[in-house]
> 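Right, I'll just put the structure down here and ask away after.
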Amino acid sequence: TRQGVYLGYVCAAARMLGQRWDEDRLSLFEVTTGTGHLYALMRAMRAGGPTVSLKLDVDRSALFATVPGEDHGIGITVAADLFRDQGWHIDLQTDTSHDSLIARVDRTQPTIIGLSLSTENRLDALVRLVVAMRLAVPHAIIGVAPGSDLDGSVVLKLVDIDLLFDDARTAFTELDRLIRLRS
């Protein structure tokens with residue numbers, strides 16, 4: 001299945017590229033080429049996959065974004081595609097500046113926001129982003145998908161978020177639970 005390929009192969013390949021980059025075993029060119037191939041595979045699978053007829057429902061619409069300054073967008077792109085497969089409308093924003101992202105949030109007023117944080121070095125940018133988002137959409141459900149090297153409890157203590165996304169499967173369940181609680 002697409003989900004199996006994404007979670008089993010694409011995520012594993014992205015982790016391997018990152019690990020080998022950190023260990024100085026791959027050059028920037030090699031990592032960029034590998035990442036490009038992963039995005040191409042994901043685009044090809046989207047084009048060949050079943051199309052879902054979307055009945056846009058506020059509870060099934062979300063903005064997903066990388067924290068400004070993040071270099072890694074594969075994980076959130078995989079999550080966006082998996083959510084789309086489940087009938088969600090996902091507004092995916094990667095490589096967007098803080099001001100542009102806040103302007104989009106202010107304009108679109110999403111009720112659910114998912115953010116990707118791959119490194120502790122961007123924690124300050126996450127805090128700043130969430131504060132600005134809380135001012136723009138105070139009642140939004142905001143979740144963060146931390147990188148595998150990050151301690152989620154630290155993120156929860158420092159940032160005003162509603163939940164941590166461990167993976168796409170549990171994110172569906174947790175979001176459904178929060179939506180029911182807020183309804």
Side-chain angles (χ1 to χ4, degrees), residues 3 5-43 45-46 62-84 88 90-102 104-105 110 112-134 140-172 174-175:
Q3 183 174 5
V5 171
Y6 276 13
L7 298 177
Y9 295 106
V10 173
C11 290
R15 273 192 302 275
M16 182 191 70
L17 286 170
Q19 180 182 11
R20 290 183 181 175
W21 167 260
D22 289 342
E23 296 168 351
D24 288 328
R25 293 174 47 200
L26 292 178
S27 68
L28 176 61
F29 175 77
E30 291 168 318
V31 171
T32 302
T33 301
T35 302
H37 285 294
L38 292 176
Y39 277 116
L41 173 64
M42 290 164 41
R43 277 191 303 277
M45 291 187 71
R46 257 194 313 260
L63 179 133
F64 282 9
T66 52
V67 171
E70 282 285 336
D71 294 325
H72 306 289
I74 289 178
I76 199 156
T77 303
V78 166
D81 283 348
L82 294 175
F83 269 75
R84 288 175 182 135
W88 285 68
I90 302 296
D91 177 8
L92 178 62
Q93 300 294 308
T94 58
D95 197 29
T96 307
S97 73
H98 174 88
D99 292 340
S100 296
L101 192 51
I102 293 305
R104 185 162 193 99
V105 166
I112 298 172
I113 300 170
L115 302 170
S116 173
L117 176 72
S118 66
T119 175
E120 199 172 89
N121 295 339
R122 303 303 311 149
L123 198 52
D124 61 332
L126 174 66
V127 171
R128 183 173 173 245
L129 182 64
V130 170
V131 168
M133 287 180 167
R134 288 288 184 210
I141 295 171
I142 301 177
V144 172
S148 58
D149 296 345
L150 294 174
D151 182 357
S153 64
V154 171
V155 175
L156 279 171
K157 286 178 189 172
L158 295 176
V159 189
D160 180 22
I161 59 173
D162 300 296
L163 65 127
L164 285 176
F165 298 121
D166 292 325
D167 57 56
R169 291 180 194 133
T170 57
F172 295 128
E174 287 298 305
L175 281 172

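Quick caveat: nothing in here was measured; it's all calculated off a predicted structure.
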> Measuring from Ile74:CD1 to Leu17:CG, what's the distance to the nearest 0.5 Å?
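CG of Leu17 is found 7.0 Å from CD1 of Ile74.
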> Okay, side chain of Arg122, backbone of Pro68: is any donor-acceptor separation there less than 3.5 Å?
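It does hold such a pair.
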> Between Phe83 and Trp88, how do the two ring planes meet: parallel, tilted or perpendicular, split at 30° and 60°?
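Aromatic pair Phe83/Trp88 classed perpendicular.
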> Which pair of heavy atoms, one from Leu38 and one from Ala13, lies closest together, and at what distance?
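Result for this residue pair: CD2-CB, 3.8 Å.
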> Is the count of non-hydrogen atoms from other residues, nucleotides or ligands lying under 6.0 Å from Glu174 atom CD greater than 12?
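Yes, the 6.0 Å shell around CD holds more than 12 heavy atoms from other groups.
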> Does some side-chain heavy atom of Ser118 sit less than 4.5 Å from a side-chain heavy atom of Asp71?
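Contact flag for Asp71/Ser118 side chains = no.
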> To the nearest 0.5 Å, tell me how far Arg134 CZ sits from Asp160 CG.
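Between Arg134 CZ and Asp160 CG, I get 4.5 Å after rounding to 0.5 Å.
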> Please work out which of the three classes, parallel, tilted or perpendicular, describes the rings of Phe64 and Phe165, given edges at 30° and 60°.
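Ring orientation, 0 to 90° scale: tilted.
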> Side chains of Thr66 and Leu115, heavy atoms from C-beta outward: is any pair under 4.5 Å?
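No, too far: nothing below the 4.5 Å cut-off.
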> Is there a side-chain contact between Val130 and Val127 in this structure, where contact means two heavy atoms from C-beta onward sitting under 4.5 Å apart?
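When only atoms from C-beta onward are counted, Val127 and Val130 do not touch, as no gap falls below 4.5 Å.
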> Quick one: closest heavy-atom pair of Gly8 and Ala12, and the distance?
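For Gly8 and Ala12, the tightest heavy-atom pair comes out as O-CB, 3.3 Å.
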> With respect to Arg104, which candidate in Asp99, Thr96, Asp91 satisfies the side chain to side chain donor-acceptor pair (under 3.5 Å) definition?
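The single option meeting the side chain to side chain donor-acceptor pair (under 3.5 Å) with Arg104 is Asp91.
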> Between Ile141 and Ile113, is there a side-chain heavy-atom distance shorter than 4.5 Å?
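No, side chains not in contact.
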> Measure the spacing between CD of Glu30 and CZ of Arg25 and express it to the nearest 0.5 Å.
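Interatomic distance, Glu30 CD to Arg25 CZ, rounded to 0.5 Å: 11.0 Å.
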> Measuring from atom OG of Ser116 to atom CG of Leu126, what distance do you get when rounded to the nearest 0.5 angstrom?
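If we round to the nearest 0.5 Å, Ser116:OG and Leu126:CG are 10.0 Å apart.
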> Count the heavy atoms belonging to other residues, nucleotides or ligands that lie under 6.0 Å from CG of Asp124, then report whether that count exceeds 12.
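Yes.
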> To the nearest 0.5 Å, what is the distance between CG (Leu101) and CE (Met133)?
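It comes to 4.0 Å.
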> With distance as the sole criterion, is a donor-acceptor pair present between the side chains of Ser153 and Asp151 under 3.5 Å?
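There is such a pair (donor and acceptor under 3.5 Å, judged by atom type) between the side chains of Ser153 and Asp151.
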> Spell out, as yes or no, whether a donor-acceptor pair under 3.5 Å connects the side chain of Glu70 to the backbone of Leu117.
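Not a single qualifying donor-acceptor pair exists.
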> Please report the closest heavy-atom contact between Pro110 and Val105, naming both atoms and the distance.
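Here Pro110 and Val105 meet closest at CD-O, 3.5 Å.
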> What are the two closest heavy atoms between Ile76 and Gly114, and how far apart are they?
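Looks like CD1-O, 3.8 Å.
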> Taking atom CD1 of Ile112 and atom CG of Leu175, what is their separation to the nearest 0.5 Å?
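Taking CD1 in Ile112 and CG in Leu175, the distance rounds to 5.0 Å.
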> Just by modelled atom types, is the Gly143 backbone N or O under 3.5 Å from a matching donor or acceptor in the Asp162 side chain?
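No, Asp162 side chain to Gly143 backbone: no donor-acceptor pair under 3.5 Å.
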> If you define the side chain from C-beta out and look only at heavy atoms, does anything of Arg128 sit under 4.5 Å from Leu123?
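They are not in contact (no side-chain heavy atoms under 4.5 Å apart), so the answer is no.
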> Checking the side chain of Thr77 only, and the main-chain atoms of Gly73 only, is there a donor and an acceptor separated by less than 3.5 Å?
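Yes.
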> Does Ile142 reach the side chain of Val159, with side-chain heavy atoms less than 4.5 Å apart?
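SC-SC contact between Ile142 and Val159 ruled out.
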